[in-house]
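So that the names make sense, note that chain A is the first sequence line, chain B the second, and so on, each numbered from 1.
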Amino acid sequence: MAKITFDGIEVEVPDGTTILNAARKIGGGVVPPAMCYYTPLKGSGGKCRACLVRVAAGSAKDPRPMPKLVASCITPVQDGMVVENTTSPQVLDVRKGIVEMLLINHPLDCPVCDQAGECDLQNFAFEHGVSTTRYEEERRTFEKIDIGPYVQLHMTRCILCYRCVYTADQLTDGRVHGVLGRGDASEIGTYIENIIDNDFSGNVIDVCPVGALTDKTWRFKQRVWFTKPMNAHRECSHEKCNGHVTLWYKGKDVLRVTARKDEYGEVKEWICNECRFDKKETADWIIEGPAHVDRSSVVSQGHYELPVINPQVIADLPESTVRDLQQNPPLKLGGFNG
Amino acid sequence: MGRKLLTEHVNVEGIETFEVYRKHGGYRAVEKALKTMTPEEVVDEVKKSGLRGRGGAGFPTGMKWSFLAKPEGVPRYLVCNADESEPGTFKDRYLMSKLPHLLIEGMIAGSYALGARTSYIYIRGELLYVLRILEKAIAEAYAAGFLGENILGSGYSLDLYVHPGAGAYICGEETALLESLEGKRGNPRNKPPFPAVQGLYARPTVVNNVESIASVVPILNDGGDEYAKLGVGKSTGTKLFSACGHLNKPGIYELELGLPVEEFIYSDEYCGGIWKGRELKAVVAGGSSVPILPKELILKTAAGENRLMTYESLSDGGFVTGTMLGSGGFIAMDETTCIVKNTWNFSRFYHHESCGQCSPCREGTGWLEKVLHRLEHGHGSMHDIDLVVSVAKQIEGNTICPLGEAAAWPVAAAVRHFRDEFEWHVKHPKEATQPGAVYRGAGVLV
Ligand SMILES: Cc1cc2nc3c(=O)[nH]c(=O)nc-3n(C[C@H](O)[C@H](O)[C@H](O)COP(=O)(O)O)c2cc1C
Ligand code: SF4
Ligand code: SF4
Ligand code: FES
């Protein structure tokens, strides 16, 4: 185990844990943003530089500060390490710069982008950036490409996080897309527009932090904040999929199906294309209840979900009330009214 | 002229062949190492020599070798970085094409020292003719029993391969090189793990520059202590410099480290002064990535001392008034050179060569190029001058590999030392865009 101090808060984590995951253990506002790192994807991270932090002391053994800011998503903790994120003006300043860099070639077409409302780049820019740009040049643009019957690639919006590449590498047996070209001319491409035809290809949509890879069966159907996410499952025949999904409802209609994500937007369990694209009837599913949506998200504006009670508060409640809550948890109190 | 350790026989007829090379003392170092020394003793000699990496960073080679992890039963590799693509640097190709056996000999000695049984020379794709020269020489070395099984009956075996890249500057960065050598896209890796622990095929690996490896040969022949007697302070031995630009005698010079820069530029023994009787304006002393210095600061340090061709002296004054020895690509610019144009030109190179993995470099290099293009072509504003400095600062230190710095430093240094020239471009766009027009201080136009 290693004990580190992160933004003045002590936390103990197993050796080998990354700084980012140590911060996630603390949770809340001190957690550095991550635009490329994705826990389920081996090898991801280190690229976007959104998560840079300052290591004020390397370890108890060698308490010297690290000369450069480090990517918290790939840097393992050392016992006695002291890390500064929100407490370092340098980090906050550099992060503003990263937002600026990620946006200079971004089309900022949120009003017509399907990802708006659940876009990591929107959130990142809103929380860490400045509202003006110093970029006057023409932005990089690409043609939209259909890759297969379900997925559309709008490369103009891509931030080259490589998540979809790792997903295809690690989930499907034979990746047919990847990064072509170099520098700011790099693009995600399916060489000679090969079609991604694979039972798990739809997962690239879920991992994409922006609106570069979108679900063609859902495009332009609805703004995400007008929909209600419900967790549901089904008996899936695919051996690698256990059918745990989130259904996105508008009224009685299932507009899309996605994998379930945690509070950091990371997929908990990959789902197959059959669950994602072919099962769009409520009758296909056993409904579990509303999916938890972070209250800071615009998706929560539907107010269908009561706040989850803090466990510490629960500990102080009378036993009978706790039992009551357990039988009827607040998560399920929300009004799913079909 | 000072002593030459690497290029002494470079002009001997047929020196690229095994036979002639051998006649001139070639492969003595390998014989000595394999027959009379343990691998540790070879590493010790290199340590004693004080040799510093010739690929740009100047890291002590002996120390690098001693850091190599040596887990039981796991292969290790020596990889020679022959990707040489930094603008202004063209010493390795010269060495390899003229003296292929020198590199091969260094590779054998180095591989023996590190316990590598398979070694690679990763060569820049455009240098196809050099690859052919090397392959021919390697075949000769195999035939003569210096490569392959049981070399010279010592029980030590080594296979040596040459592998061409596809012509990407970034593949000179050692971890991108390893990715490329493994057959993948040449993206630099995140570090740690460092190559010494997980390099080629995730095995412990040392990556060294061509010249570093070649220097092992004279070090073993003469002994590390003898080698360390050459040079000044921590800059020991001799080093190749590729001199180019507005010089009377551009070319490749092997110098004992410590020669005054002024002598290197003006002496007839070396570059013979600035061409066409013109004045020197600025020098980029160590390849396009290092900060540019104006004449006054390249000849003398801020403290007024003679600047020497050593790691320490060139970096005296830090980046405020100094630069770096880098890879030894010495670019001299005369008074008719437009610094704004040159800075734009360099930034165009880095924009083109960024691998695009990390956002500050991918987006920042393009941005720099565009704003510098604007400044050079008379559409810039005063604000743009501060903008390029600010963008460079946003890249520097925040990227996966040092290409970010390599792109940022030249821009920051150009504005630091030649700000008035940038401002002149903004204030006098008409004059500045006339063909051949150059600012010469105090508003004087050529
Ligand atoms: C963008 C970039 C390009 C590089 N290109 C070369 C190169 O062409 N040749 C080289 O020897 N080193 C190059 N280097 C330095 C290598 O990463 C590495 O430090 C060097 O090969 C180590 O060898 P040395 O210790 O013998 O100098 C480059 C570094 C960077 C960041
Ligand atoms: S398409 Fe999306 S997931 Fe793939 S690299 Fe681009 S931003 Fe990342
Ligand atoms: S700094 Fe530039 S070249 Fe290096 S890894 Fe990042 S994007 Fe690639
Ligand atoms: S999340 Fe760490 S670099 Fe992208």
Side-chain angles (χ1 to χ4, degrees), chain A residues 18 35-37 43-52 54 66-71 73-76 78 90-91 93-106 121 124 133-140 158-162 165 169 178-188, chain B residues 166-171 175-176 184-193 348-374 379-381 383-384 386-388 390-405 407:
Chain A
T18 59
M35 298 299 293
C36 68
Y37 171 78
S44 65
K47 299 191 196 302
C48 70
R49 318 305 279 178
C51 70
L52 290 179
R54 179 169 181 268
M66 290 193 183
K68 292 182 185 179
L69 301 186
V70 303
C73 65
I74 49 164
T75 309
Q78 304 286 338
Q90 186 198 356
V91 168
D93 200 42
V94 165
R95 198 163 286 151
K96 269 196 205 121
I98 302 291
V99 172
E100 185 176 35
M101 293 291 189
L102 282 177
L103 291 182
I104 62 170
N105 272 307
H106 194 80
L121 187 57
F124 179 51
T133 180
R134 302 181 291 170
Y135 190 71
E136 299 168 16
E137 276 67 31
E138 205 174 305
R139 288 163 198 265
R140 172 178 70 219
C158 171
I159 60 161
L160 285 162
C161 70
Y162 280 63
V165 180
D169 250 350
V179 177
L180 307 178
R182 206 161 60 193
D184 63 5
S186 330
E187 56 179 302
I188 295 291
Chain B
Y169 169 64
I170 192 57
C171 289
T175 57
K184 302 180 195 145
R185 185 185 158 85
N187 278 1
R189 297 177 184 167
N190 277 296
K191 283 143 275 189
R348 194 166 55 155
F349 173 77
Y350 291 107
H351 176 203
H352 187 257
E353 298 297 333
S354 161
C355 84
Q357 255 190 120
C358 45
S359 31
C361 171
R362 177 183 66 242
E363 306 297 344
T365 50
W367 196 359
L368 282 179
E369 194 214 319
K370 287 173 191 157
V371 181
L372 285 164
H373 180 273
R374 203 155 72 205
H379 311 298
S381 65
H383 162 77
D384 286 336
D386 296 323
L387 181 63
V388 290
S390 160
V391 172
K393 197 161 149 257
Q394 267 166 245
I395 303 173
E396 184 185 344
N398 299 325
T399 56
I400 296 177
C401 90
L403 189 138
E405 274 96 55

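- Note: B/T399 OG1 to A/K68 NZ = 6.0 Å, rounded to the nearest 0.5 Å.
- Comparing B/G397, B/G366, B/P192, B/C355 by how many heavy-atom pairs each has under 4.5 Å with chain A, the most go to B/C355.
- Chosen from A/E137, A/R182, A/E138, the residue pairing most often with chain B at heavy-atom distances under 4.5 Å is A/R182.
- Here the CZ-CG distance, from B/R362 to A/L102, works out to 6.5 Å after rounding to the nearest 0.5 Å.
- With chain A as partner, the option from B/R189, B/H383, B/K370, B/K393 having the largest number of non-hydrogen pairs under 4.5 angstrom is B/K370.
- Here the side chain of A/R134 pairs no donor or acceptor atom with the backbone of B/D384 at under 3.5 angstrom.
- Of all the heavy atoms in A/S186 and B/G356, the pair that sits closest is OG-CA, 4.2 Å.
- Residue contact with chain B, scored on non-hydrogen atoms closer than 4.5 Å, involves the backbone and the side chain of A/V179 alike.
- Between the CH2 atom in B/W367 and the CE atom in A/M101 there is a gap of 6.0 Å [rounded to 0.5 Å].
- For the set B/G364, B/S359, B/A168, the entry with the most heavy-atom pairs within less than 4.5 Å of chain A is B/S359.
- With rounding to the nearest 0.5 Å, the separation of CD in B/Q394 from NZ in A/K96 is 10.5 Å.
- Both the backbone and the side chain of A/L160 come within contact range of chain B, with heavy atoms under 4.5 Å apart.
- Nearest approach of A/K47 to B/I400, heavy atoms of both residues: CA-CD1, 4.1 Å.
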Go through A/D184 and B/T365 one step at a time and tell me if the side chain to side chain contact (heavy atoms under 4.5 Å, CB included) criterion holds.
-> CA-CA 8 Å; A/D184 63 5; B/T365 50; 5.7 Å; no
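- For A/Y162, the part lying near chain B is the side chain, with the backbone staying farther off; criterion is any non-hydrogen pair under 4.5 Å.
- Distance check: A/C73 SG to B/N190 CG gives 7.5 Å after rounding to the nearest 0.5 Å.
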